[in-house]
Amino acid sequence: MAKHDRLKARLAIHDNTVPNVFTTSTESQSATEGKVVRLFQEFVDKLEIQTELRLDVRKHISYASKGLSSLGPAYESLDASRPWIVYWTTHALDLLDVVLSDDKKTEICEFLELCQSKNGGFGGGPLQMPHLATTYAAMNAIAILGSGGFERAYQIVNVKKLEEFLYSVKNTDGSFAMHVNGETDTRAIYCAASVATMLQLEDKDKLFDKTDEYLAKCQSWDGGFGPNPGAESHGGFTYTSLAALALLNKTSAIPNVSSLVRWLCNRQKSVEGGFDGRANKLVDSCYNFWQGGSFPIVHGLLDQDHAPKDSWLCDSRALMDYTFLACQVRQKNSVAGGFADRPGSHRDYYHTCYALSGVAALQHVYNRHGQTTICPEPESENCLSMINPLHNVRPIAVIDIYDYFSAQLEIEKELRISQS
Amino acid sequence: MLKRHIKNFQIWHHRQVLCEWANDGSREKAMTELIFKQDQKNYHAWQHRQWVVKRFGLFEGEIDFARELLVKDVYNNSAWNHLYFCIQNSTGWSEEIRKSELSFVQEKLEVAIDNECAWNYLRAVQNHILTANPQLADKFVSKLEVIEDRGNSHKHLAAYVADYLAEKTERDSDKESGTKAVQIYTELSSNLDPVRRNYWNYLSSCLSAKI
């Protein structure tokens, strides 16, 4: 197969396909598809000059680094989400192989410490009340910073208090609220499960009693998952439900695996190659991860005799075509770099993190047969580091943090025994 | 405040709490409709409407509301979900209701055969057992045979037919259906829906082992 034939085939599908009926849905889809197709066509027309996709690594590093230092007035609305910005930027840098200095790491750790609540957990900023999402983000940032021996990062966490916080937001039906008196949905369950697993909490079964039952009820009639039973199926909630079940070793609770797989596979756009969040909605690069990241997780639930050995069930190359050709933001003034949801939109750290995370998740295929890398030019800058799809940090960061906290647990156990 | 921040989780939750305290959901439907004027698919508004309808037992008119929205835009997944949700929580899925919803979704497929939502709904109404309605499925088999379309508008039809034939193969040890299904999966993989080639190849491989 000649290079980019599949991209050309997707362009042909665009040319030959017309919606059966014209509605507001088809109008917005056509507009987006048109913009993406124009960018694809530009690339195809200039293949003699540039033969391959290009990831503007240096620009993205500049953009993400800026996020770690100071933030402009546009981010005021995210004042309650500062651990998120720390995670989005440090994770993006990590995927691009940037190593932070110990000084920088210390600075970040000091900030995260200020976000830790005296009641346990992390809030959106200093003196804010703890919230499961910001706790998840803080823990992921800590995992990234602490990996490779920088234990200062792990030492931030008040494990006992964090555990208390998790119990304080647990509901009797197995679900979790995002914060005390906050909304309940599967994001909260996922955040709790991710954090509890990183901390290697002893009584995970007790903390997550009935959680698998609740998650099972969140599977919708079309195979995807919603935030709560009965809600519309959606990428973010499908990922969080699936990842939570996997973290709890309870994927057997999924009521209908084949309709989940069908729904997931249908989320990849025929022409654009990226993913949408729900049926008949627009492509959005953040779903690179929220949809794309589910494929490595669900792969283990397929019939292993027939599941592909050197690819996931979706089309990794098509995702890269979309991300590299249509989502990298080019700017004339100020710092270029970063990713937007789709052509014409503004960039932000959230999309930068998740556009890259999705590509990272789908570039590397691993199973008991070995590992395959799907990349325009393996060993090149286009190739990102691997991630652990359950937490969305590097596999080594996961191993290191698990090791640290399980060792701490052992130390604590020995102390208890010697004291009794 | 809600109108200016229609995608903020906290504000919606706060509104929900206020309804609880006041034990009053009477104004909520109208409020969500204001939001729908701007954005037919606003996720928070739909969640809120579902919560209000269930919490205060305000199901009356909801099924009709969902159907009206599907007349306006048959591709509106939120409306399809609302329809399913309302039936589930009011009349429930009796045999009669399944029959009438089967007619409803067929009508909608006549309007637009390229609508993933309608195909999903069709599967759900049959409890994901496609051989439950063989006459209906055979109609689709025939339709697929005569369709002339250079694009991929009929990819969901092809997928449904292939899945139905695959199910038939397993249930009846029907080799002919199996061979036909594999042909369709192959066509999907190579021409009709290549972005999902790994998925079509997977289904084909699973089925081939059973023929």
Side-chain angles (χ1 to χ4, degrees), chain A residues 6 9-10 12-21 23-26 29 77 80 178 181-183 185 187 220-224 226-228 230-234 256 258-259 261-266 268-271 273 277-281 302-303 305-308 311-315 318, chain B residues 9-10 12-13 16-17 40-41 43 46-47 50-51 54 72-78 80-82 84-85 88-89 111-117 119-121 123-125 128 149-153 155-156 159 163 191-209:
Chain A
R6 287 179 180 167
R10 295 202 300 281
I13 286 176
H14 166 81
D15 288 338
N16 293 323
T17 306
V18 176
N20 287 165
V21 75
T23 70
T24 46
S25 292
T26 60
Q29 174 60 27
S77 59
M178 291 299 280
N181 296 321
E183 69 273 20
D185 62 47
R187 292 174 302 154
S220 165
W221 50 274
D222 62 9
N228 295 298
E232 188 183 355
S233 58
H234 179 291
N256 192 330
S258 58
S259 59
V261 171
R262 178 185 321 107
W263 182 87
L264 210 48
C265 290
N266 276 332
Q268 190 162 24
K269 301 304 244 191
S270 304
V271 172
R278 321 176 233 167
N280 293 327
K281 289 275 285 177
L302 304 174
D303 185 333
D305 291 336
H306 302 283
S311 64
W312 304 117
L313 277 190
C314 58
D315 187 338
Chain B
F9 281 93
Q10 281 78 17
W12 284 102
H13 178 71
Q16 199 177 300
V17 170
Q40 274 291 342
K41 301 179 184 181
Y43 200 82
W46 277 111
Q47 267 189 287
Q50 271 193 356
W51 175 82
K54 196 166 184 188
K72 285 203 191 112
D73 182 357
V74 75
Y75 299 108
N76 184 343
N77 195 59
S78 307
W80 282 103
N81 185 68
H82 196 63
Y84 190 93
F85 169 81
Q88 172 104 323
N89 288 287
V111 170
I113 207 162
D114 62 351
N115 185 4
E116 184 194 335
C117 304
W119 288 105
N120 287 340
Y121 193 77
R123 289 171 186 260
V125 167
H128 299 281
D149 180 358
R150 287 180 61 216
N152 72 353
S153 296
K155 64 184 198 279
H156 295 296
D163 286 350
N191 293 323
L192 210 51
D193 199 16
V195 83
R196 267 164 284 279
R197 76 175 62 73
N198 295 330
Y199 175 62
W200 303 124
N201 294 345
Y202 168 67
L203 291 181
S204 183
S205 178
C206 288
L207 181 60
S208 298

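Remember, predicted model here, so these are calculated numbers, not experimental data. Lettering follows sequence order; numbering is per chain, from 1.
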Contact part of [X] toward chain B, heavy-atom cut-off under 4.5 Å: side chain, backbone, both or neither?
| X | result |
| --- | --- |
| A/S259 | side chain |
| A/A9 | neither |
| A/C265 | both |
| A/V18 | backbone |

| said: I'd like to check the side-chain contact (heavy atoms from CB on, under 4.5 Å) partners of A/N181; sequence neighbours left out, ordered by chain and number. | reply: none
Flag the one option from [options] with the top tally of heavy-atom pairs under 4.5 Å to chain A.
| options | value |
| --- | --- |
| B/Q40, B/Q50, B/K155 | B/Q50 |
| B/P194, B/A112, B/A209, B/A159 | B/A112 |
| B/Y121, B/W200, B/W46 | B/Y121 |
| B/E116, B/H156, B/Q16 | B/E116 |
| B/R123, B/K72, B/Q88 | B/R123 |
| B/V111, B/N191, B/D149, B/V17 | B/V111 |

Which atoms of [X] approach chain A - backbone, side chain, both or neither, heavy atom under 4.5 Å:
| X | value |
| --- | --- |
| B/Q47 | side chain |
| B/N201 | neither |
| B/L203 | neither |
| B/D114 | both |
| B/R150 | both |
| B/Y199 | both |

Of the listed residues ([options]), which shares the most heavy-atom pairs with chain B below a 4.5 Å separation?
| options | value |
| --- | --- |
| A/N228, A/I13, A/N266, A/D222 | A/N266 |
| A/V261, A/T24, A/D15, A/D185 | A/T24 |
| A/S258, A/P308, A/S220, A/A231 | A/A231 |
| A/G277, A/G182, A/P19 | A/G182 |
| A/E183, A/R10, A/M178 | A/E183 |

| task | Hey, could you give me the CG/OH distance between A/L302 and B/Y202, rounded to the nearest 0.5 Å? | result | 4.5 Å
| request: Please confirm whether the backbone N or O of A/G230 pairs with a side-chain atom of B/N81, one donor and one acceptor, at under 3.5 Å? | output: yes
| message | Closer than 3.5 angstrom, by distance alone: can the side chain of A/N280 be matched with the main-chain N or O of B/N76 as a donor-acceptor pair? | response | no
| task | Hey, can you tell me if B/Y84 and A/W221 have their rings parallel, tilted or perpendicular (30° and 60° cut-offs)? | result | parallel
| message | Counting C-beta onward and ignoring hydrogens, is there a side-chain heavy-atom pair between B/R197 and A/D315 closer than 4.5 Å? | response | yes
| said: Going by the rule side-chain hydrogen bond (donor to acceptor under 3.5 Å, both in side chains), which residues pair with B/W51 if we only count those two or more places apart in sequence or in a different chain? | reply: none
| task | Measure across B/V195 and A/S270 and return the closest heavy-atom pair with its distance rounded to 0.1 Å. | result | CG1-CA, 4.0 Å
| field | Passing option when B/N77 is tested against A/H234, A/R278, A/E232 for side-chain hydrogen bond (donor to acceptor under 3.5 Å, both in side chains) | value | A/E232
